[in-house]
Structure formats: structure tokens, C-alpha cells
Amino acid sequence: MYLKSWTILSIWRSYPFKSNKFKILLKSNHIVDHTNLEQIAELPLLELRLLYNRIASLPQYYRKVYEILPNLMTLDDYDRDGLMVNDLF
């Protein structure tokens with residue numbers, strides 16, 4: 001099943017116990033470009049996995065995702081400095 005970003009946002013908004021740390025695995029989810037991520041920018045994302053989406057092959061992929069999601073700590077197992085972090089999923 002594929003979830004649209006607005007569906008994820010809707011679920012988070014209705015969840016009664018919001019956390020200040022949020023992890024999402026969206027691997028192989030047909031995310032095509034950065035506009036899909038702008039819709040979830042208000043989520044307090046700590047970690048995000050976008051592997052096997054078309055967006056991951058775009059130029060400046062990591063830089064743009066971190067720009068859109070400023071609180072993000074880990075993208076596809078790499079931090080903002082490009083260092084690999086422990087696999088948390």
C-alpha cells in the first residue's frame with residue numbers, strides 16, 4: 001500500500017500522543033520530487049527513508065531534502081554531514 005504525504009500528515013494530526021521524534025519509512029513509495037516532501041514539512045521528523053523512490057536519483061537530493069525538512073537528523077542512514085549512522089529501522 002502506498003501512502004500519500006497528506007495521508008501521513010492527517011494521521012499524525014489525529015494521533016492523540018504526538019511525539020517530538022518521528023520516524024517514517026517511505027521506501028519504494030513513488031515519491032517523485034521534492035513537492036511531495038513539502039506537504040509533510042511540518043512533521044517533527046527525526047529520521048526518514050526514501051530509498052527506491054525517484055526522488056532519490058535527483059541531483060542534490062540530500063541537500064534539498066534537508067533544506068525542506070530542517071529538523072531532520074537522518075536521511076537514508078546518512079546525517080547532514082554525509083556520515084553514515086546506525087541503521088535504526
Side-chain angles (χ1 to χ4, degrees):
M1 177 174 85
Y2 299 106
L3 292 176
K4 296 196 180 285
S5 54
W6 58 265
T7 304
I8 295 167
L9 189 57
S10 173
I11 291 168
W12 179 77
R13 283 181 177 154
S14 65
Y15 191 69
F17 305 105
K18 292 183 177 66
S19 170
N20 62 349
K21 297 179 181 176
F22 202 6
K23 303 172 188 177
I24 297 182
L25 172 60
L26 293 175
K27 188 169 96 172
S28 303
N29 223 282
H30 299 290
I31 296 174
V32 179
D33 60 32
H34 299 93
T35 58
N36 298 116
L37 298 180
E38 291 168 359
Q39 299 170 29
I40 61 170
E42 75 178 70
L43 292 175
L45 289 175
L46 181 62
E47 300 172 39
L48 180 62
R49 281 260 179 105
L50 294 173
L51 296 170
Y52 310 112
N53 285 287
R54 284 187 23 206
I55 188 175
S57 65
L58 295 177
Q60 302 293 315
Y61 160 64
Y62 284 96
R63 185 186 63 76
K64 288 181 182 178
V65 172
Y66 278 120
E67 201 172 273
I68 293 167
L69 304 169
N71 296 321
L72 189 65
M73 300 294 293
T74 305
L75 174 60
D76 300 335
D77 294 329
Y78 291 91
D79 67 13
R80 289 180 175 278
D81 298 323
L83 299 173
M84 185 174 248
V85 295
N86 291 335
D87 184 6
L88 300 175
F89 283 108

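Note that these values count all heavy atoms, side chains included, but never hydrogens, waters or copies made by symmetry.
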A.B. asks: Look up atom CD in E47 and atom CG in D76, then write down how far apart they are to the nearest 0.5 Å.
C.D. replies: 11.0 Å
A.B. asks: Using modelled atom types and a 3.5 Å cut-off, is there a donor and acceptor pairing between side-chain atoms of N53 and backbone atoms of I55?
C.D. replies: no
A.B. asks: Can you name the side chain to side chain donor-acceptor pair (under 3.5 Å) partners of D79, sequence neighbours left out?
C.D. replies: none
A.B. asks: Run the numbers on V65 and L37 for side chain to side chain contact (heavy atoms under 4.5 Å, CB included), then give the verdict.
C.D. replies: CA-CA 8 Å; V65 172; L37 298 180; 3.6 Å; yes
A.B. asks: So, taking the atom named CG in L48 and the one named CG in L25, what distance separates them when rounded to the nearest 0.5 Å?
C.D. replies: 9.0 Å
A.B. asks: Would you say the side chain of R49 lies within less than 4.5 Å of the side chain of L75, judging by non-hydrogen atoms?
C.D. replies: no
A.B. asks: Side-chain contact test, heavy atoms from C-beta onward, threshold under 4.5 Å: evaluate it for L45 versus I40 and give yes or no.
C.D. replies: yes
A.B. asks: About how many Å separate CG of L50 and CD1 of I31, when rounded to the nearest 0.5 Å?
C.D. replies: 5.0 Å
A.B. asks: If you group Ile, Leu, Val, Met, Phe, Trp and Tyr whenever their side-chain heavy atoms sit less than 4.5 Å apart, what else falls in with L51?
C.D. replies: Y52
A.B. asks: Drop me the distance from E38's CD to I68's CD1, to the nearest 0.5 angstrom.
C.D. replies: 5.0 Å
A.B. asks: Using the salt bridge (Lys or Arg N to Asp or Glu O under 4.0 Å) rule, collect all pairs that involve residues 50-63, keeping only residues at least two apart or in two chains.
C.D. replies: R63-E67
A.B. asks: Drop me the distance from Y78's OH to M84's CE, to the nearest 0.5 angstrom.
C.D. replies: 3.5 Å
